Enquirer: 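This structure is in structure tokens; I'll ask about it shortly.
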Number of protein chains: 2
Amino acid sequence: MANLTAGENCGELQVALDIIVGKWKPIILFHLMENEKLRFSELQRAIPEITKKMLTSQLRELEYNDIVHREVYQQVPPKVEYSMTEYGHGLTPLLVSMRSWGTEHLAHLEELHGKDNEEPRC
Amino acid sequence: MANLTAGENCGELQVALDIIVGKWKPIILFHLMENEKLRFSELQRAIPEITKKMLTSQLRELEYNDIVHREVYQQVPPKVEYSMTEYGHGLTPLLVSMRSWGTEHLAHLEELHGKDNEEPRC
DNA sequence: TCAATTGGTTTCTTAAAAGTAACTAGGTTT
DNA sequence: AAACCTAGTTACTTTTAAGAAACCAATTGA
């Protein structure tokens, strides 16, 4: 096990968290991971409840962090394609382990507290 | 690579995230991971900027999720000890990988954008 | 000429997370 | 008797995240 030091190193975990948290980032990332390229409007259709504002801002943060690439085609009407960067793919194993931990934890919670927490989240 | 399906499975990732997010949960968890048992006041001293209210609420959430155990000693003045549960230790590898991803990402960001983002977070 | 198209931006409002400060119980120490 | 200790709770305020809705630019097709 890697060394654990709580105090100063917590910032590093927050850095990782900041990439992933936000109500929409995980689902955006999963869509981009399984799709190679997606236009803005395709993401909108894939995640119908998201607003343009949220989609834009989350994509911009991911772009700033070099997780997502934004390709603008100079044409009208505009066309913009989003895709995972090479670097961004390095995040995949983490997201996948988080999701599988979550899946198991759901079962564990149900065992502990019963099925009272069934509200869907997305 | 495990199968990725964006739509329905995003909830599971959120479940994992909900355990970890919150401004204080990661640092609380790291302290408990490296300390076996800690009293409420010891956690307060270890994380001086946290308020009682936040410390209490975050610990209660972790307790609800069976990550943290709360042991109350019936004495005055009160004594309450917090520790990771056996189940909670299953979260350690995830937290450790998140932190190391974060560490590497910090270096990556610096390479990309320079050292302009130096504000400490905790 | 006029509506439709795409990928946004802007302003305003609402909801959720976090912070502040005062208060509590009840036994111990001064 | 008064102050102190721990582990909280409560009520209120501030900050941050998210949502709603209107607006925009340039070209195409009807």
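Everything numeric in this text was worked out from a predicted model, so none of it was measured.
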Enquirer: Calculate the interatomic distance between Leu55(B) atom CG and dT20(C) atom C1'; express it in whole Å.
Expert: 16 Å

Enquirer: Find out whether Leu55(A) and Trp24(A) are in side-chain contact, i.e. whether some heavy atom of one side chain is under 4.5 Å from a heavy atom of the other.
Expert: no

Enquirer: Between CD1 of Ile20(B) and CG of Leu29(B), what distance do you get to the nearest 0.5 Å?
Expert: 8.0 Å

Enquirer: For Arg45(B) and dT6(D), is the shortest distance between a side-chain N/O and OP1 or OP2 below 4.0 Å?
Expert: no

Enquirer: Hey, does Tyr73(B) reach any base, or is it just sugar-phosphate, or nothing, if we go heavy atoms under 4.0 Å?
Expert: nothing

Enquirer: Side-chain N or O of Arg70(B) less than 4.0 angstrom from OP1 or OP2 on dG8(D)?
Expert: yes

Enquirer: On the six-membered ring of Phe40(B), is Arg45(B) placed so that its NZ or CZ lies under 6.0 angstrom from the centre and within 45° of the ring axis?
Expert: no

Enquirer: Can you build the contact string for nucleotides 22-30 of chain C? Use B for base contact, S for sugar-phosphate-only contact, and - for no protein heavy atom under 4.0 Å.
Expert: ----BS---

Enquirer: Give the minimum heavy-atom separation between Gln58(A) and Ile28(A), together with the two atoms involved.
Expert: CB-CD1, 3.7 Å

Enquirer: Classify Thr51(A) by what it touches in the nucleic acid, base, sugar-phosphate, or nothing, heavy-atom distance under 4.0 Å.
Expert: sugar-phosphate

Enquirer: For the side chain of Phe40(B), starting at C-beta, report the closest nucleotide among dA18(C), dT6(D), dG8(D).
Expert: dG8(D)

Enquirer: Does the side chain of Glu61(A) come within less than 4.5 Å of Tyr64(A)'s, by heavy atoms?
Expert: no

Enquirer: Check whether any side-chain nitrogen or oxygen of Arg39(B) sits under 4.0 Å from OP1 or OP2 of dA7(D), and answer yes or no.
Expert: yes

Enquirer: Take atom CD of Gln75(A) and atom C1' of dG7(C), then tell me their distance rounded to the nearest Å.
Expert: 12 Å

Enquirer: For dT9(C), does OP1 or OP2 lie under 4.0 Å from any side-chain N or O of Arg60(A)?
Expert: yes

Enquirer: Where along nucleotides 10-16 of chain D does protein come under 4.0 Å, by heavy atom, of base (B) or sugar-phosphate alone (S), with - for untouched nucleotides?
Expert: -B-----

Enquirer: State whether Trp24(A) places a side-chain N or O below 4.0 Å from either non-bridging phosphate oxygen (OP1 or OP2) of dA17(D).
Expert: no

Enquirer: Is a salt bridge present between Lys37(B) and Glu81(B), judged by a nitrogen-to-oxygen distance below 4.0 Å?
Expert: yes

Enquirer: Looking at the rings of Tyr82(A) and His69(A), which for Trp means the six-membered one, are their centres under 6.0 Å apart?
Expert: no

Enquirer: Are the side chain of Glu42(A) and the backbone of Arg39(A) linked by a donor-acceptor contact shorter than 3.5 Å?
Expert: yes

